[in-house]
**Student:** 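Next up is a structure, given as C-alpha cells.
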Amino acid sequence: MKLLSTPARRSAAVLAGVLLMSSLTACGGGTQAASTVNKDALTIAVDSDSASFGFDPLRVADAQRQFFEGLYENLMTLQPDGSVAPGLAKEFSYSADNTLLTLTLKEGVTFTDGSTMDAALVKANLDRRSDPALSAYSAITKGAAQEMTSVTAVTPMKVAIKFAKPQPGFEKNLTGTMGMIVGKTATAKSASLAATPDGSGPYTLDATGTVKGNKYVFTKNEKYSDAAKYPYKKITFTVIQDPQARANALVSGQADVAALTSPTVDFAKSKGLGVSQIGGTLHTMVSFDKIGKTSPAFAKEKVRQAFQYAINRQALVDALHKGDIAAWNALPKDSAGYTEELNTRFAYDPAKATSLLAEAGYANGFEFTIVGSAETQTDLQAVQKDLSAVGIKMNIKMASSTDEAFAAVATTPLGYAALGWDNPVGLMYGVVLNGFTNVQKATDEQLSAATGEAAAAKDDAAKKTALTKLNTRLVESGWMIPLYESLTNQGYNTKKVQQVKFAGTNAYPLLSSYAPTN
Amino acid sequence: MAMFIAKRLLMAFATVLVVAVLAFLLVHAMPGSPGAVSLGAGAAQEAIDEVNQRLGWNDPLAVQFFRWLGDAVQGNLGTSLIDGRSVSADLASRLPVTASLAAGASVLSAVLGIGLGVTAAVRGGLADRIVGGVVGLLVALPAFWIGIIFVYLFAVQSSVFPATGYVPFEVSPQDWALSLALPVITLAAGGAAFIARQTRASMLEALQQEHIRTLRATATPTWKILYVHALRYASLPIVAGIALQFIGLFGGSVIAEQLFAMPGLGQAVQSSVNTHDAPAVQGVVVIATVVVVAVNLVLELATKFLDPKLRAS
C-alpha cells in the first residue's frame with residue numbers, strides 16, 4: 001500500500017535538513033560566544049536567588065554581598081586587594097580600650113527614597129539589631145560576641161558605637177552586609193524592603209526588567225558619588241541553579257560572567273572562556289554538641305578526634321568533588337593560619353580512630369543521627385561508610401523543612417556546613433563561639449584565647465601565629481571536622497570582560513571589579 | 001448542548017473548590033506558621049504571634065478559608081509571606097512562560113506524533129519498524145537528558161538557539177520563539193512518541209473500516225481519505241492523548257524551566273515550597289487546577305464535536 005505521499009517526503013526532507021544543519025554546526029566546534037559585544041551591559045549568572053527574602057541587605061549573609069553591593073553602600077568598603085577603606089564613613093577611630101568606635105560620615109549621600117544620610121539614620125539602621133530576622137546583625141545583638149551596647153549620634157555626621165567587649169579591627173565587619181545602610185523609609189518600615197530596595201549604591205533596581213527568582217536588572221545610579229568606579233550602565237543578575245546550564249549560558253553568550261562549579265571548569269576552558277579561581281570555602285562537619293546533651297559520646301574530645309582519623313577525605317574528593325582540595329585544616333589554604341602539619345597529623349587512619357574510641361569508652365562504637373539535605377546527602381553517605389568502618393553508626397535523616405534543618409543545631413550532635421573564612425574573627429565570634437553552631441554554649445579556653453589574639457593582632461606575624469593556633473585547636477578539639485575546600489570559580493567571556501579578580505581572599509569578586517575589555 | 005456545558009461547568013467549579021480546600025488544608029498542615037516563615041528561624045515568639053494575628057492565622061479554619069476564597073474569586077490570591085508581593089501578579093507574569101512551553105510542546109508533539117503515527121500505520125513494513133524504533137527510543141530517554149543533548153548541539157557547539165533564558169513575546173517575537181525552541185523540543189520529544197503510538201493504533205483500526213474501503217473504491221484522493229476521513233475517525237483517542245500531554249507538560253515544565261532558567265510556574269512553585277511561602281504554593285496549586293479542569297472541559301467538548309454518536313446523545 002503506497003498511500004503516502006509527497007507531504008511525508010517533504011517532512012522527511014525538512015527533518016533531514018535540520019539534522020544536517022545540526023551536524024554541520026556541531027562540526028564547527030565551539031568557542032565562546034562572539035555575539036555582538038555590548039560593553040555597557042553585563043550579565044552575571046549566579047547559582048541562587050540573592051533576593052529570595054527581598055532587598056534587605058541585613059537579612060542576608062556576606063555570600064550575597066556582591067549582589068547587594070550594587071544597591072547599597074557600606075560604612076567601610078572592601079578594596080580590590082582585600083583591605084578596608086572608607087565608605088559611607090570617611091573616617092573612624094577607636095577609644096584606647098577598643099570599646100568605642102567613632103565613625104565620621106560622608107556628606108551628600110542620597111537614598112532611593114530621597115532621604116539623605118546622617119548620624120541619626122546610621123543609628124536607626126544599627127538600632128535594628130534587636131530584630132532577629134536580620135542575620136547580618138546577629139553578631140552585634142544583645143549577648144552576642146560583638147554586642148553593641150549603644151549607638152549614639154554624637155553630632156549630625158558622627159556616630160559612636162559602644163561595644164560590650166573590646167573590638168579592635170571591627171571595621172572589617174562593616175565591609176560586609178552588616179555595614180550596608182538603608183534609607184529612612186526602609187528604616188522606619190523595613191517591610192518595604194521586601195519588594196523595593198532603598199539604597200544609595202551605584203545601581204538602582206529596574207523593576208520592569210526584573211523577574212523575581214529569575215533575573216534582577218540594575219541600572220546605573222548617576223547620583224552615586226563614585227559612579228566612575230562602576231563601568232557598566234546595566235547589570236543583570238540571572239539566576240541559573242543548574243551548574244551545567246550556567247556554564248552553557250556562559251559559553252553561548254547569555255551570560256558574560258558565571259559562577260562555575262569545579263566539574264564545569266574544564267568544559268568552560270575548552271570553549272575558550274577565562275576562569276578565575278580562589279579557594280576559601282571549607283566544607284566541614286561541625287560539632288554542634290560538645291557537651292553531650294544530644295549524644296553523650298560527643299562530650300569526649302577523643303571521640304570528636306576519632307572522626308578526624310576515620311574519614312578518608314581524599315577518597316571523598318576524588319569520588320564526589322573532582323577539582324577541589326581535600327582538607328585537614330579548618331582554615332583555607334590561602335589563610336594565614338593554614339598549616340601543613342595538620343595534614344599529616346590527622347591523616348586517614350581508621351585504626352587510630354578505633355583506638356581513640358576505645359580510650360574514650362566507646363570500644364563498641366555508638367550511634368547518632370545527622371540531619372542532611374539534598375546538597376549534602378552524597379557527602380554524608382560517603383562519610384557514613386567511613387564512620388561505619390570504625391564502629392560509629394551515623395543515621396542520615398533528610399530535613400523535611402528549612403525549620404528542621406535549622407533546628408538540627410540544637411537537636412543533633414553533628415552538622416555539615418560550608419564556611420567562608422574571609423573574616424576568621426567575625427566567624428568565630430558570630431558563628432562558632434557564640435553563634436548558631438554552639439547553642440549548647442560549650443566553651444574552649446584555647447579557642448577563645450586564640451580568637452582574642454587574632455582580633456588583637458597588630459601585625460601580620462602576630463595574626464599568623466594566632467590564626468595558626470586557632471586553626472590547630474579547631475581541628476584537634478573536633479569542633480570542626482573539615483572535609484574539603486572548594487574552589488570558587490568565576491568564568492568570564494574574555495572577549496567582553498577583563499580577567500576577573502578576587503578581593504583578597506574574599507570568594508566573591510567586587511561588583512566594581514568587573515570591567516569591559518578595551 | 002447548553003445543558004451539557006452547564007453541567008460540565010458546574011462539575012469543573014466543584015473540582016476547583018475541592019482542590020482549593022485540600023490545598024488550603026495541606027498548607028495549614030505544613031510545619032511553621034506564617035509569622036515564623038516571614039520573620040525567619042530566630043524570631044521572637046511575640047513577633048511571630050503578632051504577624052500571625054495580623055494575618056488572621058488564629059481565626060477558625062472555615063473563616064480563613066472563606067476569606068481566602070472571597071479574595072480569590074476577585075482575582076486576589078493573597079500576598080507572599082517572603083516579599084509581600086501580590087501572588088496573583090507574580091503568577092500572572094509567570095503563566096505565559098509555562099503556557100508557552102506547554103502549548104508549544106503540545107503542538108509540536110501533536111504534529112510530530114500524528115505524522116509519525118500516520119506514516120507507520122499507512123506505510124507499514126520498514127517505515128513502521130523505523131518509527132517504532134524511534135518512538136521506543138524517545139519514550140525511554142528522560143526529557144532532561146534530551147534537553148542536555150540539544151543544548152550541547154544547538155547552543156554550545158553552535159549558537160543557533162540560546163542555552164538559557166526566556167524573552168517575552170511583547171519584547172521580541174523572534175527572540176521569544178528562539179528562547180522557546182530548545183525547551184519546547186525537549187518537552188515535546190516524549191509526548192510525540194506517546195501520540196505516535198496512539199495515532200498508529202487508531203489509524204490501523206480506522207483504515208480497516210467499511211467507509212474507508214468505500215472511499216478508496218470511489219477514487220477519492222488519498223490525502224483526503226487519510227487526513228479527512230480516517231484521521232477524523234481515529235482522532236478521539238489522539239485528541240485525548242494531546243490533552244493529557246498538555247496537562248502533563250503544564251505540571252512537568254519544572255524540568256525544562258530549571259534546565260533553561262525560565263521564570264515559569266514550575267520555578268515559582270519550587271522556590272515557594274523551599275521558602276514555605278504558603279499563599280504562593282496555594283496560588284500555584286489553584287491556578288494549575290483551573291488549567292487542568294479547563295483543558296478537560298475543552299477535551300470533552302472536542303470529543304462531543306468529533307464523535308457524531310456522542311453529539312446525537
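Chain identifiers are assigned alphabetically (A, B, ...) following the order of the sequence lines, protein sequences preceding nucleic acid strands; residue numbering begins at 1 within each chain. Treat the numbers as computed from the prediction; the structure is a model and nothing was measured.
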**Student:** For the CD atom on B:Q209, are there more than 12 heavy atoms of other groups (residues, nucleotides or ligands in this structure) within a distance under 6.0 Å?
**Tutor:**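 It does: B:Q209 CD has more than 12 such atoms within range.
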**Student:** Just by distance, do the side chain of A:N248 and the backbone of B:A155 share a donor-acceptor pair under 3.5 Å?
**Tutor:**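 Not at all, since once roles are kept as given, no pair shorter than 3.5 Å links the two residues.
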**Student:** Flag yes if more than 12 heavy atoms outside A:K397 fall under 6.0 Å of its NZ atom; otherwise flag no.
**Tutor:**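 Above 12, so yes.
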**Student:** Tell me, yes or no, whether the heavy-atom count around B:Y152 atom OH, taken from other residues, nucleotides or ligands under 6.0 Å, exceeds 12.
**Tutor:**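 Not buried by this count: 12 neighbours or fewer within 6.0 Å.
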**Student:** Below 4.5 Å from any heavy atom of chain B, which atoms of A:F55 appear? Answer side chain, backbone, both or neither.
**Tutor:**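 For A:F55, there is no contact with chain B at all, as no heavy atom is under 4.5 Å.
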**Student:** Measure the spacing between OG1 of B:T164 and CZ of A:R246 and express it to the nearest 0.5 Å.
**Tutor:**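 If we round to the nearest 0.5 Å, B:T164:OG1 and A:R246:CZ are 11.0 Å apart.
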**Student:** If you compare all heavy atoms of A:K271 against all heavy atoms of B:V156, which two are closest, and at what distance to 0.1 Å?
**Tutor:**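 Smallest heavy-atom distance, with atoms named: CE-CG1, 3.9 Å.
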**Student:** Using only heavy-atom distances, determine whether the side chains of A:K212 and B:Q267 contain a donor-acceptor pair under 3.5 Å.
**Tutor:**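 No, no side-chain donor-acceptor contact under 3.5 Å.
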**Student:** Using modelled atom types only, decide if a donor and an acceptor are shared between the side chain of A:Q254 and the backbone of B:P162 within a distance under 3.5 Å.
**Tutor:**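 Absent.
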**Student:** Is it the case that atom CD in B:E170 sees more than 12 heavy atoms from other parts of the structure closer than 6.0 Å?
**Tutor:**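 Yes, enclosed.
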**Student:** A side-chain contact here means heavy atoms from C-beta on lying under 4.5 Å apart; do B:Y166 and A:V211 qualify?
**Tutor:**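 They are not in side-chain contact.
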**Student:** Drop me the distance from A:I240's CD1 to B:M262's CE, to the nearest 0.5 angstrom.
**Tutor:**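 Atom-to-atom, A:I240:CD1 and B:M262:CE are 11.5 Å apart.
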